[in-house]
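Working notes, beginning with the structure itself.
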Amino acid sequence: MPAHLAGDGVVVFFTQNVPQSGKGTTVAAESQRTEEESVEVREEPSENGAVASADGEHLVDLYKKMILIRIFEEACQRGFRQGKIGGYLHVYIGQEAVATGFLDAFKEGDKVITAYRDHPHALLLGSDPKAVMAELYGKGTGLVKGKGGSMHLFDVERGFMGGYGIVGGHIPLGLGFAYAMRYQQTDHITQLYLGDGSMHNGAFHEAANMSGLWGKDGMNPCLFIIENNQYGMGTSVARSTAMTDLAAKFDAYGIENEKVDGMDIEAVLEVAHRATQRVRETGRPYAVEALTYRTVPHGAADFFEKYRTKDEVKKWRERDPIGLLEHKLLERDVLDEESLEEIKGEMKETIDEVVRFANESEEPPIEELYSDVYAGQDEYLGEE
Amino acid sequence: MPEKTYREALREAMTQEMESDESVVLMGEDIGVYGGTHLITDGLIDRFGPKRVIDTPIAEGGFTGAAIGMAMMGMRPVVEMMTWNFSFLASDQIIQNAAKVRYFSGGQVEVPLVIRGPNGGGVQLSAQHTHSLENMYGHFPGLKVVSPVTPHDVKGMMLTAIRDPNPVIFLEAGALYGTKGEVPEGDNAVPFGKARIAREGDDVTLISYGRQVNLCLRVADRLEEEDDVSAEVIDVRSIRPLDEDTLVESVKKTHRAVAVQEQWRLFGVASEVASIIQEKAFDYLDAPVIRVSGAEVPAPYARNLELAAFPSEEAVASAARQVLYQEVEA
Ligand SMILES: Cc1ncc(C[n+]2csc(CCOP(=O)(O)OP(=O)(O)O)c2C)c(N)n1
Ligand SMILES: [Mg+2]
């Protein structure tokens, strides 16, 4: 399977679980579709259908992805402390199994959207880690040319429709993508990631309601993935809502839902493949609440953690998704300690190279300030 | 007089008013247990309890609307916008209810409400987290809008804001929370609608508010050193009501003015200042009023681009020289 490093330091880690074939779907554009007209999904090799459990090789592949994210983000934290990374920096440490599992079920053409905790989504979709790090370093070689920073990664070519900074603000966009993909007669879906804290905001409720409604006509293939890390900044779920069953909130909007242990990559994988297939086939939304935990402060600049105890964090560290997966790999004799260390060692070297690239890249040219304000010819209407 | 940080001065004003008036409550995201993202309200939940320091979900429209309702019932809520960037979600409530309900109820209700939080950019937060909203809120009759820059004024204006029977948009200089200055103990209420002359001078007037005032002060020093020019610096500090008299009086003396703002050039406070001056002091002007503003782009992330997007000392100095006819080209 994957040669996890390419010689020139550009990382080409993973097997792509992306089908080679083109679109195999027909969807009527009208909303009056009957049951019979529902989307016809092509036959897939079993890997892309519901997978009950992953084989060893697949798990190693996923392990490498999670290690990439972890080591990459640890380097981000260092860069922040050194003042190389500015603004806000939110890492995904402790939550890696969620995006890693769900994006395993990503198919080329699907769209992914999330909030500001967005590094793993870009990396998993295959964005060059060098470009991601350079973005965080505010360099012209960055993924979005140094214009967005950590919160606003985008890689549209790879299906990543972005990271957004306003809590809840991205949610309606995701159902817009889903509608458009049906309107354009494809079988693609949106993977829409959202935080527990974003579910008490009007945008969420308006969007969920419409998604359920449009889904009745098969026009909203949107998979809501709740990254329930149990806190929105310093406010726990229980201190944000009297009805703490986040998955069940979707009941109110006619969207079927379930929960999964977001620390266990195999559990996530199972629901990810089943749920994406279902959304793809029906054009109806579905919601999965992944229970997870952020074992680091909300943002890199936060160090006070008055809102939770050290013990609580420690308890959750014991269920660290990477640790859990290592345990499985060892227990099943898929890998031994030595090969785990080897994988981590190689990844560290890769990330050192990534950091070096970011560090040595040039700042964006000043002209970049004025480009991309408008699309079309007379882009910039101000003065320089 | 004791030296305090901007943050401490702000906290002191809220604490004093909470002590003397039971109807004052605080409300916002993570202001209690967490201590406030910018630590403005740190410790207040221990002192006043969770009924008066209300942690809310991330629901700006909802809690701002609820605060308006409380205010209509005679309470005096002080709502924290974690940053003003999130107030767009609450702007429907602020504009459609807070600003107008007194008017469209024929004067039957009042809305003694303060909405406060850090405004403006400068710390690489990029497009969605960098706004200066004084012009947006300053546009609406029914709202009062202030933007204090010194620890003295932030305390004094917060006292006035809480006591005011109207909704007050309180725009803090977020980048300056840690800066120190003299702050009197007790009641130093600063009236709205009165600008502050931050530095006296005779040759040119630099007009601004918020953290740009400090920039103008630096430029004034530089003009004195390099050009032997005496610049007056006016801190507008109250955007609505706006103190037209102080602006006009200064220009009658100096005959030249530059208006500096972090926000975008078009339809901004500096445009308002320029038009007031030309309406009321046209005959005294020796040069057109020049605006120095942020670049007409959403805020970028990269440090070098962000620096280029905001008014710089160079840009302000060169505008001053332009109105002084020492340079023809800006
Ligand atoms: C509308 C809005 N209000 C407040 C904030 C500040 N803020 C940034 S992240 C965050 C917590 C969000 O929590 P959650 O949705 O659970 O996501 P998590 O950070 O846990 O991944 C808050 C309050 C914001 N970005 N947008
Ligand atoms: Mg959360």
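Keep in mind it's a predicted model, so treat the numbers as computed, not measured. All chains are named by letter (A, B, ...) in the order of the sequence lines, taking the proteins before the strands, and each is independently numbered beginning at 1.
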Determine whether more than 12 heavy atoms belonging to other residues, nucleotides or ligands lie under 6.0 Å from atom NZ of B:K100. yes
Under 4.5 Å heavy-atom distance to chain A, tell me which part of B:T83 shows up: side chain, backbone, both or neither. side chain
Need one label for A:M199: side chain, backbone, both or neither, based on atoms under 4.5 Å from any heavy atom in chain B. neither
Of the backbone (N, CA, C, O) and the side chain (C-beta and beyond), which part of B:V33 lies under 4.5 Å from a heavy atom of chain A, both, or neither? both
Any side-chain heavy atom of A:K147 within less than 4.5 Å of one from B:S126? no
Quick one, B:Y301 with A:H152, criterion ring-ring contact (aromatic ring centres under 6.0 Å, His included). Give me CA distance, side-chain angles, the key distance, then yes/no. CA-CA 10 Å; B:Y301 166 72; A:H152 303 304; 9.2 Å; no
Chain B: which of A:G232, A:G148, A:S240 shares the most heavy-atom pairs with it under 4.5 Å? A:G148
So if I take each residue of residues 303-312 of chain B and look for any heavy atom under 4.5 Å from a heavy atom in chain A, which residues do I end up with? B:N304, B:L305, B:A308, B:A309
Side chains of A:I166 and B:L89, heavy atoms from C-beta outward: is any pair under 4.5 Å? yes
Return the CZ to CG distance between A:R239 and B:D55, rounded to the nearest 0.5 Å. 4.5 Å
Turns out that what part of A:L89 lies under 4.5 Å from chain B's heavy atoms comes down to neither
Which atoms of B:E29 come close to chain A, meaning under 4.5 Å heavy atom to heavy atom: side chain ones, backbone ones, both, or neither? neither
Between A:Y164 and B:Q128, is there a side-chain heavy-atom distance shorter than 4.5 Å? yes
Would the distance check show the side chain of A:N201 and the main-chain N or O of B:A59 forming a donor-acceptor pair, the cut-off being under 3.5 Å? no
For B:D30 and A:Y231, does a side-chain donor sit closer than 3.5 Å to a side-chain acceptor? no
When you look at A:T235 and B:Y34, which way does the side chain to side chain contact (heavy atoms under 4.5 Å, CB included) test go after all the steps? CA-CA 8 Å; A:T235 306; B:Y34 194 77; 6.0 Å; no
Does the side chain of B:P298 come within less than 4.5 Å of A:V373's, by heavy atoms? yes
Checked A:H298, A:E135, A:K145 vs chain B; the most non-hydrogen pairs under 4.5 Å come from A:E135
Within residues 356-366 of chain A, which residues come under 4.5 Å of chain B, heavy atom to heavy atom? A:E363, A:P364, A:P365, A:I366
Counting heavy-atom pairs under 4.5 angstrom with chain B, the leader among A:F204, A:Y88, A:Y137, A:Y307 is A:Y88
Between B:A302 and A:G138, the two heavy atoms sitting closest are CB-O, 3.4 Å
